[in-house]
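Heads up, the thing below is written out as structure tokens.
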Amino acid sequence: MRYRNMLENIPTLIGECLMSRKYMPLEIEEKWQRYWEETGTFKVTEDPAKKKYYLLEMFPYPSGKIHIGHVRNYTIGDVVARYKRMEGYNVLHPMGWDSFGMPAENAAIERGIHPSIWTNENIAHMRMQLKRMGFSYDWDREVSTCEPEYYRWEQLFFLWMFEKGLVYKKTSSVNWCPRCETVLANEQVEAGLCWRCSSEVKEKVLDQWFFRITAYIDELLEGCDRLPGWPERVLTMQRNWIGKSFGCEVSFPMADGPGEIKVFTTRQDTLFGATFMLIAAEHPLVMELVKGKALEKEALAFAEEVKKQDKLMRTSDYYEKQGLFLDCYCLNPLTGWKMPIFATNFVLADYGTGCVMAVPTHDQRDFEFAEKFNLRKVVVISPPGKTLDPETMTEAYVEEGILINSGPFDGMENLKALDAIADYLISLGKGKRTVQYRLRDWGISRQRYWGAPIPMVNCPKCGTVPVPESDLPIVLPRDVDFSGEGGSPLARHPDFLNTACPACGGPARRESDTMDTFVESSWYFERYCCPHFDQKPGIKREQVDYWMPVDQYIGGIEHAILHLLYARFYTKMLRDFGLVGVDEPFTNLLTQGMVCKETTRCPEHGYLFPEEVTEGRCTHCGAGVIVGKTEKMSKSLKNVVDPDYLIRQYGADTARMFCLFAAPPEKDLEWSDQGVEGSFRFIGRTWRIVMDYLDDLQGIAPFSGGEELEGDLRSLRRKTHQTIQKVREDMGERFHFNTAISAIMELVNTLYSTPRPSREDRKALAVVRETIEAIVVLLAPIVPHLTEELWQMLGHQGVCLADTPLPVYDPAVAARDEMTIVIQVNGKVRGRIAVAPDEREDRIQALAMADEKVSRFIEGKTVIKQVYVPKKLLNIVVKG
RNA sequence: GCGAGAGUGGCGGAAUUGGCAGACGCACUGGACUUAGGAUCCAGCCCGCCCGGCGGAUAGGGGUUCAAGUCCCCUCUCUCGCACCA
């Protein structure tokens, strides 16, 4: 008997043991991370019986360590992935590495480490950090773009593109440092100087490869209208970037002799006012027109000057309009006027035809130019009810109006004249309708080592010849010399460079340029669907068809244009190759905000890292620290928080919780150390209340209805079901994690304020268990380690919370017993009355009138009208 | 300059469809517990006043409405994107 008693007491003893147990995040977290890894919890395969959900976060460049921006991005993604999984979806949630790129090459130059070693060490470290955050990736699908197993397929696609004319070679200019003898990226040019040696950067013209993205330009533009799951501002940015405009190409014959100048204009309605012609200074036509003339030298010098200006243009606010009269004329095709021709700095050579008809009265830039050179001005659009005098105008009239001085079109509204004049030009054979785009083809050549080699061979006899498919992959050689000088290491590597021409067998040279790293990120999401498929074409259609498109893509706004546009283009191209079945890769896009923090600086030591500040003083000199503006976290401003430190101090769960709680995902997040403390405190508070009840809940099943509840228990259960409803709406539908967390906090607060039931009150304890289990399950996607641990302690041995379905709320339980109706008099709140949820309007009106406070405001006045908003409010409008 | 978005307590932020402005958290204040508290639990916390009540508050001004943070017009400020694109 005694023995039996002891046995019965064992659960209690365990309970008491647990009660004294503190929240130890590091132990718990590492334990569950090990568990997930060992049991393969997050590995997925195609399952036609289940609905799929593809959640993707933009993969990182392996720079060395994850930063807080990654923590935020991947936490948001992980919560959605875990949530969808608990909703029953078959969730694909992969991770990999955008591992080609310049920093690896810089490390090689500066520290003598081979880019592949540097990259793979970084990957190893960052993978460990991501695992330590508890993200639910299927690590078996990890992809690293710098491996031949990945980029070989890109080389195959390149060959197919070449066949179809989707890739071509064109001369194009690059930034060139004459001292380092190397090509510089735009970000390596600082104020026109080389970042490394400060020599003046020159322009160098090279043969380069281009992807014909413009072949898909209309589909890319129209697709913007079919992406309702994308933020409007991203779509606007893409539309602007594509920059489609409708207009006319108009021919202006030369005044003396043969030839003509073609211009593109969207304003053919102003053609009768075109009085001079402008040509981009660097346009080849300029040199043709001045050939043999005294001006030739001057024109050449002007073109050189303008080319240099081009680099500085971005930084200057006002451009002086410069021009050079080329001593020749063309004719306005409609008026026959002689139009002087100028070379100028403000016309772009590569947009339209590089030539512009100038209408000084209706274009501000042309107006300024005409003023400077004293050129003829003719008004052709008259504002309603006014007349403009070209002699006294101080600026161009750019609004709408009625045509004048325009021959047969006088009196027509200018917008209508757009079509009429276009038709007229066509009938005269002097013009045609055309469309212009701002978007250019995508230059993908990089004169760099650490990128995917372009599978082409240059043969002195046969020209540019593609490598045969059977020779793929063209693997980057490892033994190269990194000096940072003399151009790309590949161009100096004879074993790589020298080859036989695939066409004639003669000696030839390999293409030494590598591809832009945006090419790798244009299809990695398709590779994730079949990461180990090693047969041509590297994409397994059945698998891709199951997973694609990406249901939710999450990443920074900085990729709003280039990456997303390139990925859309590449997917459409792969579709036309028959490799994928979708038109658009990303159905929904979430662009998360930046992580910001206040800056701190010492008058002596400049910007300080947070750990260099103690109690408002600089740790180096003790001077008072100046707290500056809140800025995006960056190393240069030193306002950074180290994720490793956070994990050590609070654990991954707290870091995750804070990232979600402090701001909605699309907004900037202001980092606050105290806010982190707050999240940690909430986690501790949740832990303690569960520990406090744990013992009493042994052997108690969660309340599941049947019996009537009253008082506090009824309220607690109602609150529980209301919380389930709110959290499901906020997390599953709106991605408002901050309000979902608030709701759970409220439920925890309610549990704290509910009087503690006695140990014998099994019904009450069942209600408490239902609440506690709801809290734990609802928190699971947000703080997965804590909740797995609590779930197990609550007796769910051998069940992984990550696979537990989300709780369902019972609308009848969540419904209020009574509703509070706000009573307003003339729109001001004067009282509240509690009534049954189905109370009729007339009864509510009667109760309101009877209310002491309300009647005070009505007394002696006439009730004009009563507005009743069902279940919410009654507004009594009175007069007198 | 053009385009888009935003502006709510000391702070981060709630308010989903026009219906109680300020949920939740931070900071602050007080209390309890305590050897101690930078732990924990409880409470207070927009502003003003002639405070058991009333008035004012969502950048500023005007409008629509029984009712406006929310819709409309004007002004200011900030953020982002584009910036000679003809």
Side-chain angles (χ1 to χ4, degrees), chain A residues 22 231-241 243-245 247-248 263-268 270 274 278 280 313-314 317-319 321 344-348 350-359 362-366 368-369 436-439 557-558 560-561 593-594 630 657-658 661-664 666-679 681-682 684-685 688-689 726 729-730 733-734 736 738-746 748-749 752-753 820-832 853 864-878:
Chain A
K22 273 193 138 161
E232 197 48 52
R233 66 180 186 136
V234 174
L235 293 172
T236 305
M237 279 155 87
Q238 294 225 338
R239 287 190 192 104
N240 290 343
W241 191 258
K244 185 177 190 175
S245 53
C248 276
V263 306
F264 170 73
T265 181
T266 55
R267 293 298 307 275
Q268 59 272 19
T270 64
L278 297 166
M313 221 158 68
R314 288 162 210 282
D317 285 345
Y318 301 98
Y319 314 120
K321 294 194 170 28
T344 179
N345 63 337
F346 79 93
V347 168
L348 304 174
D350 61 352
Y351 183 79
T353 61
C355 306
V356 173
M357 69 174 203
V359 184
H362 302 295
D363 182 288
Q364 187 57 29
R365 297 156 300 180
D366 298 348
E368 285 166 31
F369 194 89
Q436 275 296 322
Y437 298 93
R438 212 185 80 104
L439 178 69
I557 187 75
E558 66 273 20
I561 299 175
M594 298 180 302
T630 297
M657 165 85 78
F658 178 72
F661 183 63
E666 64 278 4
K667 282 184 75 171
D668 284 354
L669 183 155
E670 193 183 316
W671 196 266
S672 144
D673 294 331
Q674 283 156 341
V676 178
E677 291 277 354
S679 296
R681 217 148 43 212
F682 168 68
R685 194 168 150 81
R688 282 188 300 275
I689 192 108
K726 169 129 181 84
E729 283 164 5
D730 285 355
E733 290 160 34
R734 302 199 305 162
H736 281 205
N738 55 337
T739 51
I741 293 170
S742 295
I744 302 170
M745 285 174 166
E746 282 184 56
V748 172
N749 290 346
Y752 265 92
S753 59
T820 306
I821 302 292
V822 171
I823 310 300
Q824 295 183 336
V825 178
N826 286 349
K828 292 199 163 146
V829 180
R830 296 302 180 190
R832 295 181 173 82
K853 259 156 95 186
I864 302 169
K865 156 177 186 183
Q866 301 194 36
V867 182
Y868 176 63
V869 182
K871 297 179 193 287
K872 277 187 181 155
L873 163 150
L874 177 70
N875 190 8
I876 303 166
V877 186
V878 298

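All chains are named by letter (A, B, ...) in the order of the sequence lines, taking the proteins before the strands, and each is independently numbered beginning at 1.
Nucleic acid contact for A/Val867: base, since at least one base atom lies under 4.0 Å from a heavy atom of the residue. If you check every strand for non-hydrogen atoms under 4.0 Å, A/Asp366 touches nothing. Residue-level contact check: A/Arg438 touches the bases, meaning some heavy atom is under 4.0 Å from a base atom. In this structure, A/Lys726 reaches the bases: a heavy-atom distance under 4.0 Å links it to at least one base atom across the strands shown. Residue contacts shown for A/Gln824 include a base, since a base heavy atom lies under 4.0 Å away. Note on A/Tyr752: only backbone sugar-phosphate atoms sit closer than 4.0 angstrom, heavy atoms only; bases stay farther off. Among the atoms of the strands shown, base atoms are found under 4.0 Å from some heavy atom of A/Val347. Note on A/Asn875: a base of the nucleic acid sits closer than 4.0 angstrom, heavy atoms only. Nucleic acid contact class of A/Gly678 (heavy atoms, under 4.0 Å, all strands): sugar-phosphate only. Within 4.0 Å of A/Arg832, counting heavy atoms only, lies at least one base atom of the nucleic acid. Contacts of A/Ser672 with the nucleic acid, taken as non-hydrogen atoms under 4.0 Å apart, are absent.
Counting to the nearest Å, the C1' atom of B/G13 and the CD atom of A/Gln674 are 16 Å from each other. Distance, A/Asn749 CG to B/U40 C1': 14 Å, rounded to whole Å. Between A/Leu669 atom CG and B/C26 atom P there is a gap of 16 Å when expressed in whole angstrom units. What separates CE of A/Met745 from C1' of B/C26 is a distance of 10 Å, to the nearest Å. One atom, CD of A/Glu746, and another, P of B/A14, lie 14 Å apart when rounded to the nearest Å. Rounded to whole angstrom, the span from the OH atom of A/Tyr868 across to the P atom of B/G18 amounts to 20 Å. Distance CH2 (A/Trp671) to P (B/C26): 16 Å, rounded to an integer number of Å. Taking atom CG of residue A/Leu235 and atom C1' of nucleotide B/G5, one finds them 15 Å apart after rounding to whole Å.
For B/A27, the OP1/OP2 oxygens have a side-chain nitrogen or oxygen of A/Arg681 closer than 4.0 Å. Taking 4.0 angstrom as the limit, A/Lys872 places none of its side-chain polar atoms (N or O) nearer than this to OP1 or OP2 of B/U17. The side chain of A/Arg685 places an N or O atom within less than 4.0 Å of a non-bridging phosphate oxygen (OP1 or OP2) of B/C41. One finds no side-chain N or O of A/Asn826 lying less than 4.0 angstrom from the OP1 or OP2 phosphate oxygen of B/A67. Between B/A4 and A/Arg239, no contact under 4.0 Å exists linking OP1 or OP2 to a side-chain N or O. At least one side-chain nitrogen or oxygen of A/Tyr351 sits closer than 4.0 Å to the OP1 or OP2 atom of B/A86. For A/Arg734, no side-chain nitrogen or oxygen approaches OP1 or OP2 of B/A14 to under 4.0 Å.
Checked against B/U16, B/C20, B/A14, the side chain of A/Pro664 finds its nearest nucleotide in B/A14. Distance from the side chain of A/Phe661 is smallest for B/C24 among the nucleotides B/C82, B/G19, B/C24. Here the side chain of A/Leu348 is nearest to one of B/C20, B/A86, B/A15, namely B/A86.
Under the 4.0 Å criterion applied to side-chain N and carboxylate O atoms, A/Glu232 and A/Arg239 are assigned as salt-bridge partners.
A/Thr353 OG1 to A/Phe264 CZ: the interatomic distance, rounded to the nearest 0.5 Å, is 9.5 Å. Considering CD of A/Gln824 and CG of A/Leu873, their distance stands at 4.0 Å, rounded to 0.5 Å.
Going from the P atom of B/A23 to that of B/C71 covers 23 Å, rounded to whole Å. Here, B/C33 and B/U79 have their C1' atoms 48 Å apart, quoted to the whole Å. Taking atom C1' on both nucleotides, B/G13 is separated from B/G18 by 22 Å, rounded to a whole Å. Remark: the separation of the P atoms in B/U70 and B/A59 is 8 Å, to the nearest Å. Comparing B/U8 with B/C78, their P atoms sit 14 Å apart, to the nearest whole Å.
In this entry the base of B/G63 is anti relative to its sugar, with a glycosidic angle more than 90° from 0.
Heavy atoms of other residues, nucleotides or ligands lying less than 6.0 angstrom from CZ of A/Arg685 number more than 12.
Contacts of A/Thr739 classified as side-chain hydrogen bond (donor to acceptor under 3.5 Å, both in side chains), with partners at least two apart in sequence or in another chain: A/Asp730.
No donor-acceptor pair closer than 3.5 Å links the side chain of A/Asn738 to the backbone N or O of A/Ala662.
A tilted orientation is assigned to the rings of A/Phe369 and A/Phe346, their planes being inclined by 30° to 60°.
For B/C84, its base sits under 3.5 Å from the side chain of A/Lys321 at one donor and acceptor pair at least.
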Given Watson-Crick and G-U pairs under 3.5 Å, RNA chain B in dot-bracket ([ ] crossing, | other strand) is (((((((..(((......[....))).(((((.......))))).((((...))))..(((((..]....))))))))))))....
